[in-house]
Amino acid sequence: MYYYTLQEDLINPNQHTAFQSENNAFARICPAPFRACMRTMKLIILNDYDQVGEWAAKYIRNKIINFNPGPDRFFILGLPTGGTPLGCYKKLIEFYKKGEISFKYVKTFNMDEYVGIPRNHPESYHSFMWNNLFKHIDIKSENTHILDGNAANLVEECDSFEKEIKAAGGIDLFVGGIGPDGHIAFNEPGSSLLSRTRVKTLAQDTILANARFFDGDLSKVPTMALTVGVATVMDAREVMILITGVHKAFALYKAIEEGVNHMWTVSAFQQHPQTVFVCDEDATLELRVKTVKYFRGMMHVHNKLVDPLPPK
Amino acid sequence: MPTNKSVSKAPITQFVNCRILRDHKLQREDLWVREGRILDPEKLFFDEEGYADQRVDCEGLIIAPGFIDVQINGGYGIDFSQATSNVRGGVALVAKKILEHGVTSFLPTLVTSPPNIYHKVLSEVKVHSGGVEGAGVLGCHLEGPFISLEKKGAHPEQYLRSFQSGGMLDLIETYGTLDNVAMVTLAPELPNSEKVVRELAQRGITVSLGHSVANLSQAEEAVQNGASFITHLFNAMLPFHHRDPGIVGLLTSDQVPQDRTVFYGMIADGIHTNSAALRIAHRAHPTEIYGNALLVTDAITAMGLPPGRHTLGQQVIEIQGLHAYVAGTKTLSGSIATMDMCVRHFKQASGCSVEQALEAASLHPAQLLGITRCKGTLDYGADADLVLLDDAINVRATYIAGQEVWRK
């Protein structure tokens with residue numbers, strides 16, 4: 001059943017454009033006859049960090065091109081920050097420079113931002129997105145959305161972020177990472193799986209993990225952040241999680257081989273209709289050999305999703 | 001396409017495909033300019049939701065801050081120390097021509113002259129910004145007449161002066177005014193010089209030591225009183241001696257106040273200073289890891305002119321190849337190398353990096369004059385005075401306030 005579904009997906013990549021007027025969550029990516037079977041979990045296993053970045057970037061590229069965005073039809077992309085997506089962003093910039101992709105009709109919503117550090121602080125997520133993606137591509141500032149950690153009223157800022165996502169028509173593809181404690185965005189262990197965009201106090205694990213960006217000085221790391229909720233990401237039509245490195249291996253194991261649990265919030269995506277986990281070999285070290293072999297065996301099929309698309 | 005106009009309606013230029021000198025390193029970054037100043041693109045993006053109106057493709061060139069020449073006596077037949085009928089026109093001609101060498105700001109320099117020359121020239125030459133007409137004038141550099149007889153070099157002996165009891169009064173009587181004066185070179189061993197050094201420094205005028213036979217402690221005292229520059233190190237001063245290094249000893253003196261940097265001017269034309277001596281100076285920097293060398297041309301009237309005889313101040317000089325002598329002698333009377341030649345030669349002779357060589361001609365002069373907020377850097381908010389260079393440090397284009405003023 002899974003294999004059959006995938007084949008249909010590949011044979012009719014352009015069928016989704018037939019139903020653009022409908023607001024239904026699946027209409028924009030999936031034609032009616034195949035809607036029932038477009039519920040998939042894919043685990044993409046690659047050799048190393050660089051391959052993960054490249055695969056993910058190609059996947060995003062193909063999604064955008066297939067979507068065929070235009071002035072009345074933006075592709076809505078959710079984006080993360082941190083070390084994991086850097087390779088992916090570098091590749092996306094490369095594709096833009098080669099002319100394979102344009103971000104003119106793409107809107108972005110970032111997952112999170114620190115509270116209380118200046119927007120132009122070198123470690124703010126605004127600076128991260130500017131330096132690692134926005135300044136290299138043709139995206140318009142008004143189409144980017146990043147939570148403002150210096151807003152006068154943080155709760156209002158979070159609420160209006162949710163409203164902006166809704167006004168844009170919902171997120172087509174939410175890209176995210178995973179923390180060593182299994183968190184998605186800043187939804188730390190114990191976060192409600194039904195949570196929405198809100199202010200969060202950061203867990204000690206997260207502060208330690210972030211210290212390397214603040215000269216190793218724990219006192220300089222912000223302790224609060226604004227973050228999208230688990231349910232906010234679950235609302236996206238498709239979710240792609242990038243996981244690289246041995247220090248994420250246990251979290252990946254908890255996320256996909258154990259149950260849905262609010263202590264490992266990424267596990268919530270076991271109940272999302274369309275999720276892709278992209279990881280490197282190191283990140284699979286805590287998985288069962290059987291799981292890894294199964295998904296490695298699917299790679300020749302999965303790789304077709306990132307093949308260059310024929311020119312129009 | 002441009003901004004949402006929340007801050008400014010002025011057009012924005014984006015220099016792409018370039019390497020810019022920022023934070024002492026050449027970095028692959030775009031450079032953004034609006035209203036003649038360097039713009040912060042991140043602020044533009046997030047605050048104003050703006051982007052560039054026009055892009056300039058630099059084809060891989062280096063963008064450095066425009067060069068600043070703090071010692072240039074003239075060029076192309078113009079002698080700043082001569083009271084011609086058109087002083088302003090003369091300064092303007094040189095200002096225009098030196099754009100080709102990447103110089104965007106300079107200090108017209110006057111050698112030892114009689115008071116009437118100072119009175120005339122200083123009343124005509126004003127501080128003003130550069131532009132299409134030529135490099136900007138930051139003020140005048142008065143090299144003399146309060147210098148040492150033994151180290152007069154090419155300066156005319158009959159106009160040398162010393163400080164009588166008046167000190168500053170003598171100075172003002174000689175020069176007429178201190179308006180539009182940015183720098184004064186004097187010999188600190190002259191009696192009554194201490195008060196003069198202090199007074200000038202307090203007025204914000206850079207005091208430089210040169211054409212002097214001062215010993216090290218006289219030089220250190222002058223620095224403590226406010227002197228911050230050495231005019232053409234090694235030339236027109238006592239040579240280094242191991243029991244009294246003289247002014248040269250300032251390079252490694254421990255008597256220099258902590259908060260002060262003493263810069264030294266270097267005529268890096270391959271003639272005024274032997275490369276080995278240049279390297280000794282370059283490697284001796286005290287606390288500044290990026291050095292305190294400052295490149296000057298000390299260019300004379302004949303710079304830009306063919307070989308032969310020409311006038312400098314009240315004397316005649318003779319060009320032979322790249323050398324310029326006081327006519328009939330072997331005394332060097334100044335240089336005819338251009339600023340970009342000096343930068344190239346300094347890099348090659350000292351073995352320093354491209355960044356250090358470029359900073360010696362841009363950042364350090366700005367630091368010396370205390371104008372780094374708007375000159376000598378490519379920091380956000382600084383004036384967009386730029387020089388575009390290839391990897392061999394040849395000038396390809398010059399910009400002042402974001403406007404192209406010369407292109408090869």
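Chain letters run A, B, ... following the sequence lines, proteins first, then strands; residues in each count from 1. Being a predicted model, the structure only gives us computed values, none of them experimental.
- Note on ring orientation: taking the six-membered ring where Trp is involved, the planes of B/Phe46 and A/Phe134 are perpendicular (angle over 60°, cut-offs 30° and 60°).
- Of all the heavy atoms in B/Tyr51 and A/Glu142, the pair that sits closest is OH-OE2, 3.9 Å.
- With sequence neighbours left out, A/Trp55 forms a ring pair (Phe, Tyr, Trp, His ring centres under 6.0 Å) with A/Tyr59.
- Atom-to-atom distance recorded for B/Asp40:CG and A/Trp130:CH2 is 8.5 Å, nearest 0.5 angstrom.
- Residue-environment remark: CZ (B/Arg260) exceeds the threshold of 12 foreign heavy atoms within 6.0 Å.
- Among residues two or more places apart in sequence or in another chain, the ring pair (Phe, Tyr, Trp, His ring centres under 6.0 Å) test is passed with A/Tyr89 by none.
- In this structure, chain B has heavy atoms under 4.5 Å from both the backbone and the side chain of A/Ser127.
- B/Glu29 has a carboxylate O that lies under 4.0 Å from a charged side-chain N of A/Lys135, or vice versa, which qualifies the two as a salt bridge.
- Residues of residues 146-160 of chain A lying within less than 4.5 angstrom of chain B, judged on heavy atoms, are A/Ile146 in numerical order.
- The number of heavy atoms from other shown groups lying within 6.0 Å of CZ (B/Arg37) does not exceed 12.
- Checked against ring pair (Phe, Tyr, Trp, His ring centres under 6.0 Å), A/Phe214 has the following partners two or more places apart in sequence or in another chain: A/Tyr114, A/His121.
- The shortest non-hydrogen separation linking B/Asp47 to A/Arg119 is OD1-NH1, 2.8 Å.
- Atom CD of B/Glu42 and atom OG of A/Ser124 lie 6.5 Å apart (nearest 0.5 Å).
- What you find for B/Phe45 and A/Ile139 is that their closest heavy atoms are CE1-O, 3.8 Å.
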